[in-house]
Amino acid sequence: MTAKISYDSVEVGTELTAQSFPVTRATLVRYAGASGDFNPIHWNEKFAVEVGLPDVIAHGMFTMAEAIRVVTDWVGDPAAVVEYGVRFTKPVVVPNDGKGALIEVSAKVAQKLDDNRVRVDLVAMSAGQKVLGMSRAVVQLA
C-alpha cells in the first residue's frame, strides 16, 4: 500500500477529520489479552482506587493507538507513518457505567518536511482533559 494523499495537495494547517473512540471495560479486557498487559489498574476498580487512581484507566499504549487512527485513516496506509510519539499527560478514566469513556482526537498538518513528508500534530481529549501531550507523527505522503 501507499499513501493516498498527495504531498502537493496538503498545506500547513490542513485539518484531518476528527474522530471519537469509545472505550469500555470490555475494550480494555480485549486489549489486555492482545497486549499481554494485565495490570489490574486497567480492569480492577478496587485496586485502581487503592493505588490512588479515580477508577480503572485505559492502557497508555491503547490510547496512543486509538489517536493515530485519525492519521492512518486520513493517509490510507498505516505504513506511511514513519515516526510517532506522545507524552502521556492524563489517564483515560473508564467507569463501569455501561457507557465507559470517549477519546476525542483531532489533528492537523503542522509542517511540510523534505521528501514528501509532513508532521501532523494531534490533540487527544477525554472528559474535557488533554490525555496526550506532544502528540506528533511524521507521515510519508505520495
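Just so it is clear, the structure is predicted and the values come from calculations on it, not from any experiment.
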Flag, side chain of [X] to backbone of [Y], donor-acceptor distance under 3.5 Å:
| X | Y | answer |
| --- | --- | --- |
| Ser126 | Leu102 | yes |
| Ser20 | Glu104 | no |
| Tyr31 | Asp37 | no |
| Thr72 | Asp77 | no |
| Trp43 | Phe38 | yes |

If Ile, Leu, Val, Met, Phe, Trp and Tyr residues are connected whenever their side-chain heavy atoms lie under 4.5 Å apart, and connections chain through other members, are [X] and [Y] in the same group?
| X | Y | value |
| --- | --- | --- |
| Tyr7 | Val81 | yes |
| Phe88 | Ile68 | yes |
| Val94 | Phe21 | yes |
| Met134 | Met125 | no |
| Val12 | Val123 | no |

Is there side-chain contact between [X] and [Y], with heavy atoms separated by less than 4.5 Å?
| X | Y | value |
| --- | --- | --- |
| Val92 | Phe62 | no |
| Val82 | Val139 | no |
| Thr63 | Ile103 | yes |
| Leu113 | Val138 | yes |
| Tyr84 | Arg136 | no |
| Asn96 | Val56 | no |

Next on the checklist: Applying the side chain to side chain contact (heavy atoms under 4.5 Å, CB included) criterion to Leu122, which one of Val86, Val105, Leu132 satisfies it?
Outcome noted: Val105
Closest approach of [X] to [Y] (non-hydrogen atoms, all atoms of both residues):
| X | Y | result |
| --- | --- | --- |
| Val131 | Pro91 | CG1-O, 4.0 Å |
| Gly133 | Thr89 | N-CG2, 3.5 Å |
| Ile57 | Leu28 | O-CD1, 3.9 Å |
| Ala142 | Asn116 | O-ND2, 3.5 Å |
| Val49 | Pro54 | CG2-O, 4.0 Å |
| Asp55 | Pro95 | OD2-CA, 3.6 Å |

Checklist entry - Will you find, in the side chains of Asp73 and Gln19, an N or O donor that is under 3.5 Å from an N or O acceptor? => result yes
Checklist entry - When you look at Ile41 and Leu53, which way does the side chain to side chain contact (heavy atoms under 4.5 Å, CB included) test go after all the steps? => result CA-CA 8 Å; Ile41 64 172; Leu53 295 168; 3.8 Å; yes
Next on the checklist: Any salt bridge linking Glu83 with Arg117? Criterion: basic side-chain nitrogen under 4.0 Å from a carboxylate oxygen.
Outcome noted: no
So how far is it from [X] [atom1] to [Y] [atom2], rounded to the nearest 0.5 Å?
| X | Y | atom1 | atom2 | value |
| --- | --- | --- | --- | --- |
| Arg119 | Lys108 | CZ | NZ | 10.0 Å |
| Arg87 | Ser135 | CZ | OG | 11.5 Å |
| Glu66 | Thr27 | CD | OG1 | 8.0 Å |
| Thr24 | Lys99 | OG1 | NZ | 13.5 Å |
| Ser106 | Leu16 | OG | CG | 9.5 Å |

Checklist entry - Any chance NZ of Lys112 has more than 12 other-residue heavy atoms, nucleotides or ligands included, within less than 6.0 Å? => result yes
Next on the checklist: Check the orientation of His59 and His42. Use parallel for under 30°, tilted for 30 to 60°, and perpendicular for over 60°.
Outcome noted: parallel
Item to check | Worked check of side chain to side chain contact (heavy atoms under 4.5 Å, CB included) between Val109 and Trp74 | outcome: CA-CA 11 Å; Val109 174; Trp74 171 68; 4.1 Å; yes
